[in-house]
Amino acid sequence: MKRTLLIGKETHDVEILRRDGETTLSWDGTAEAVDILEVGSGNWSVIMGHKSVDVRLDGLKHSDPDIQGFRATLFDATYEFALQDPRKALLAAASGAAASGGPLTAPMPGKVVKLLVNEGDPVSEGQPLLIMEAMKMQNELRATSAGRVSKITVQEGATVETGGTLMILVAPEAD
Amino acid sequence: MKRTLLIGKETHDVEILRRDGETTLSWDGTAEAVDILEVGSGNWSVIMGHKSVDVRLDGLKHSDPDIQGFRATLFDATYEFALQDPRKALLAAASGAAASGGPLTAPMPGKVVKLLVNEGDPVSEGQPLLIMEAMKMQNELRATSAGRVSKITVQEGATVETGGTLMILVAPEAD
Amino acid sequence: MPVTKVLIANRGEIACRVIRTCREMGIPTVAVYSDADRGALHVRMADEAYCIGPAPARESYLVVEKILNAAKQSGADAIHPGYGFLSENAEAAKLFQENGITFIGPRQESIVSMGSKTAARIVAIKAGCPVVPGIQETMSDEDLLVEAGKIGFPIMVKAAMGGGGKGMRLAKNVEELKAGLPRARGEALSSFGDDSVYIEKAIVQPRHIEIQIFGDQHGNYVYLWERECSIQRRHQKVIEEAPSPHVTPEMRAAMGEAALKVARAVKYVGAGTVEFLADSERNFYFLEMNTRLQVEHCVTEWITGLDLVKWQILVARGEKLPLTQDQIRLNGWAMECRIYAEDPDKNFMPSPGRISFLRTPAGPNVRDDSGVYEGCEVSMFYDPMISKLSTWGPTRLEAIDKMRSALGEYRIGGIRSNVAFHEVLMEYEPFRKGDLHTGLLDKPFWKKKEVGPNLKFAVAAAMVAELDDEERRASQPAGSSEGKLGAWQHWGKFNRL
Amino acid sequence: MPVTKVLIANRGEIACRVIRTCREMGIPTVAVYSDADRGALHVRMADEAYCIGPAPARESYLVVEKILNAAKQSGADAIHPGYGFLSENAEAAKLFQENGITFIGPRQESIVSMGSKTAARIVAIKAGCPVVPGIQETMSDEDLLVEAGKIGFPIMVKAAMGGGGKGMRLAKNVEELKAGLPRARGEALSSFGDDSVYIEKAIVQPRHIEIQIFGDQHGNYVYLWERECSIQRRHQKVIEEAPSPHVTPEMRAAMGEAALKVARAVKYVGAGTVEFLADSERNFYFLEMNTRLQVEHCVTEWITGLDLVKWQILVARGEKLPLTQDQIRLNGWAMECRIYAEDPDKNFMPSPGRISFLRTPAGPNVRDDSGVYEGCEVSMFYDPMISKLSTWGPTRLEAIDKMRSALGEYRIGGIRSNVAFHEVLMEYEPFRKGDLHTGLLDKPFWKKKEVGPNLKFAVAAAMVAELDDEERRASQPAGSSEGKLGAWQHWGKFNRL
């Protein structure tokens, strides 16, 4: 099975082969035998070259449904990465780059306490857009890039679920 | 749902009713509302009359397949009991009492270190029958009632699995 | 006053903490719970449980009459308020006492004196305890802006009825003060039901150091040394330790005596904390007094070997303090990390949800005080703190290394947590050196580790998980959900198609 | 001698225990494992792992060459033997040292002197330490019967190379001695590879009290007070505590000095335990010396605040003992319960199998040292001890009440354990009073609680579980295994039909 590993801004070609009870991991073409055991749902004991690492895997939703995200908790660190089927990546590339801008969605369930922008407002990167309250804390949601508020879909006081659309942003060049 | 509760030498008639989101437990005819929540596979939070008890349930194999055994771990104690469908109990009773005596089976996987009786020997209650070794400890298996050794099905040095037959005992009156 | 059955008017880890001590003392416990908390750990642990209404705290945990009714119905003769909720509500304390129920906390007069942070400043000044320059009362936004000009910036805005950093804002200039006031008032209102705020001069790079005190009904007082809680984020304590690396024996004695002056001034009974700001010259200023058990009491328990909840119960029963000042030990060093359901990679956004997997650290000198369990829901209605991990060592660095190792053992699935953030902090040189101040975390030092020597191992596991998944699906008829589904149920939401 | 990478030549909880201290000290660890232990906790926790052969210990953990090869291959420059296995194998210690690998344990000469229990008696006598009357050497069954007659019954049979109660038998008369000798030899052979036994006069209602000692390479010695381990079953320690309720300050000093006499006589380096039997008049007799870390070292760690594994590593590195005798603290009281996979209702028969559910106690002053995890297999090949639960309190009764409460929180599914047995013990009046002796458990006091006030709650849960099960089956087509199967998988073996 081949996958493209996406981590931060890096990508790697990874491949896993299981044959006659032996498992081999190939990393950018370099193959290594791996002794891997699922020691509980989502928990893995991985031994490679006698190095032993205990891995807790949790799935992460990726904005692209063809990409599977993972959070891996190890003793020394927590890593987040994603795996993409290289065939599907080719298809996605062929269909053109994704449109910039997009919806601002609620990262958690909570209440919209205050809207800090109006429809039509231009916004700069990092500008606070609205304040949500959850778990007794008020949290500012900020713009991740410069653009313009095309539509606001919630009112102050509204309760929203995780992933609920709060407003639609468009990239500056879309104006 | 009706069941006969078997605990030690006692039996009780118990019934559980679930209707309109309300659950009622009836114990020998006395009914009481019960608020019960599964807080994890096999783990239950039970509130009755505002008393709160956290119950860990593990299933136990009963020699009669129509009886479901349970071990319940609570904060204050551990209970073992069994539930029997009263209809099946009637059927069982109609088919006559079980034969006395029976096989002596291995209570754990291990090695037969020494046989202490021979085929044909009469045995008294509590008499050691053989020594098994498991987990670095030697354990004596004893007769649970008086009888006679009808057949020995293992040899010294043999490795046996849990439930494996070691010897057949017959009740004295069967002689 | 008898304490033969205790109702805990709280939830989460502190309710579980109190239940444990009651159990050991042979005292039955009564839990109260909102509709959202039927399956909460404190309900499972208590001997009795009473539902007190809907999920919002304002309709359940904060409703004094409902708590009182549960106490009466259950026959509880004492109420432990924990921290937050009703713990510093003098009206509640009064009502309980009037109904013959012991409030395991200070006298209502002490709560009133210290409950208003502005009134508390006046008490401290009169008692001869140094305070931070600032105003003595609450006022309108307009008046605050005028007063701020007189005191001089930077200015700290604080909720008059507050605590725990809620409703607190630093303003470096007039503009920030104007912008911060409504938000501080908003948080104050939603957290404490009162939007009064006051202002103080902000100390530059202050250290937050507090003294744990105890008083009994016979006029005896002791202080159980200090805790340093300078590691804060958004004015919320994140890491606490005892003792403080900043405090010398002389400073410790001076702070302890200053704290007892305040305690004596309000005839304090029970567990209380006198909070100070200290500067780099080891000057210290009274900040406020918390008239309750603190979240971070664990580190004091580690270094003294005492059970502070047990002491609270003994004192509430009318017993004398078990030890005198010269019998209190100070032994080694303790660290506490607050484990929050929040995402350090997304500006510490709260992360409520179901805890699909949970393994907590164990072994020598590790203590986990948790309010959750594998399979439970972390509700958006309450505080995101799910647990407190504390460690002990003979020296500060040994306690830190123990903590680093214990954090490495922590595994939480289903929600995000700040465990990895704490791990990085334990390796952060200014922290290890003990050069602490409340702004230490303002400087961005936290960055997700993107690549590292063990990444390959994690990817290998993920690849095999994907391969298993693919083979399973290939071997089954379309639409079937048999096979290893059970073991994979928490993966459900990541199905591709 | 450098200790920069440690191979742990053991498994289970003690391997995990050693790994934790190494981690905190920043020392990488190497695990070894048999085929049966690929998924064991120590393999998951270590930084490196080497397979050393088939499941039987004789073909893996006891094979010195395989351990040595793993050490060489991994570049480990030190080996920690834990307890059991190679920990008291002088040949192994010698071989490691000859290969330039530090053995974290005493010099091989000390192991040899103390390894033969008969030789150890002679050393103790020469050093001026009181011993139990008995023979000085091993002999044939016939000769032992003759000697037994001279010493007088009751007689204790012991494995010459033994420890941990394996191969030990009490004989009240000649018949019992004749019957017990072959069984003792059998156990001795299978546990230690040597069937030599010796005999001693059995002390009536003796108390087992032992002194933890430490020596360094510079001739310094300290004793870390005593532990009482009188609560035994089949000569296996079940509960240990520190200090001992039987020991007065004078007796403590006398025992400590007697223990150091033995330690000095063999120029002891590292952690060791000198075991004594004490009678009701507080006479004490040397029993044997264990030249390794003991299972029950945790209770000593609780009352002294020291990390004995860390001390072992410091001493192995050639450092001096970090403290002198007058700097060693004795603080409060600690209890330890050994949690075994065994069935108290079936004569404590071992209960290997898969741990389908596991929740361990937490909170203040509770320590769980585990070698297992939820989902792991408890193998029939090794010792049935799966964990050690220890608690601390300012007084003995507080430590006991803490333990009772912690045991109540323990939940183990899939296998049987002795947790409920310990719970009953914590409420057993002779135990609570401290009237201990090694025969306390011979008198049957343990009985399964068949009915109790909370039985109804358990039955309610079981009824709803059955009802859910029935409704699920009724709503599904025959042969289908969909639905809640995953959640119910551990119920599979209890299906009726």
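Lettering of chains follows the sequences in order, A, B, ..., and the numbering in each one begins at 1. Values below: all heavy atoms of this structure, side chains included; hydrogens, waters and symmetry mates excluded. The model shown is predicted, which means the values in this text are computed figures rather than measured ones.
- For the pair C:M380 and A:P109, the tightest heavy-atom approach, listed with the atom from each and the gap, is SD-CB, 3.5 Å.
- The shortest heavy-atom contact between C:D345 and A:E80 is OD2-OE2, 3.8 Å.
- Using a 4.0 Å cut-off between a side-chain N of Lys or Arg and a carboxylate O of Asp or Glu, C:E470 and A:R3 qualify as a salt bridge.
- Residues C:I415 and A:R71 come closest through the heavy atom pair O-NH2, 3.2 Å.
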Evaluation steps, side-chain contact (heavy atoms from CB on, under 4.5 Å), between C:V464 and A:R18: CA-CA 9 Å; C:V464 172; A:R18 200 151 45 183; 3.7 Å; yes

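- The part of C:E471 that comes within reach of chain A is its side chain, from C-beta onward, which places non-hydrogen atoms under 4.5 angstrom from that chain.
- When every heavy atom of A:Y79 is checked against every heavy atom of C:G452, the shortest pair comes out as OH-CA, 3.3 Å.
- Note on C:K456, C:E423, C:E342: by heavy-atom pairs under 4.5 Å with chain A, the leading option is C:K456.
- Atoms CG and CZ, on C:N347 and A:R142 in that order, are 7.0 Å from each other to the nearest 0.5 Å.
- Here the side chains of C:N454 and A:F75 are not in contact, with every heavy-atom distance at 4.5 Å or above.
- In terms of non-hydrogen atom pairs under 4.5 Å with chain C, the most contact-rich of A:V34, A:V55, A:L74 is A:L74.
- With a threshold of 4.5 angstrom between heavy atoms, C:L407 does not approach chain A through any atom at all.
- C:E466 and A:L83 make their closest contact through CG-CD1, 4.0 Å (heavy atoms, listed as atom of the first residue, atom of the second, distance).
- Both the backbone and the side chain of A:V46 come within contact range of chain C, judged by heavy atoms closer than 4.5 Å.
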Decide side-chain contact (heavy atoms from CB on, under 4.5 Å) for C:F457 and A:L25; before the verdict, give the C-alpha distance in whole Å, the side-chain angles of both, and the deciding distance to 0.1 Å. CA-CA 10 Å; C:F457 293 77; A:L25 175 75; over 6 Å; no

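- Ion pairing of A:D54 with C:R359 is absent here, as no side-chain N (NZ or NE/NH1/NH2) approaches a carboxylate O to less than 4.0 Å.
- For C:S405, the parts sitting under 4.5 Å from any heavy atom of chain A are the backbone and the side chain alike.
- In this structure, A:L5 CG and C:L455 CG are separated by 6.0 Å, a value rounded to the nearest 0.5 Å.
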Under the criterion side-chain contact (heavy atoms from CB on, under 4.5 Å), I'd like the reasoning laid out for C:R416 against A:L60: C-alpha separation, chi angles, the key distance, then a yes or no. CA-CA 11 Å; C:R416 304 297 181 109; A:L60 293 181; 3.2 Å; yes

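- If you measure heavy-atom distances from A:I131 to chain C, the contacts under 4.5 Å come from the side chain alone.
- Scanning both residues, A:I36 and C:A461, for their nearest heavy atoms gives CD1-CA, 3.4 Å.
- Put simply, OG1 on A:T78 and OH on C:Y410 are 13.5 Å apart, with the number rounded to the nearest 0.5 Å.
- With a 4.5 angstrom heavy-atom cutoff, A:K114 does not touch chain C via any of its atoms.
- With values rounded to the nearest 0.5 angstrom, A:R56 atom CZ is found 10.5 Å from C:I412 atom CD1.
- A distance of 11.0 Å separates NZ of C:K346 from CG of A:L141, quoted to the nearest 0.5 Å.
- Annotation for A:E32: atom CD counts as buried by contact number, over 12 foreign heavy atoms lying within 6.0 Å.
- Annotation: side chain of A:D58 is in contact with side chain of C:S356 (closest heavy-atom distance under 4.5 Å).
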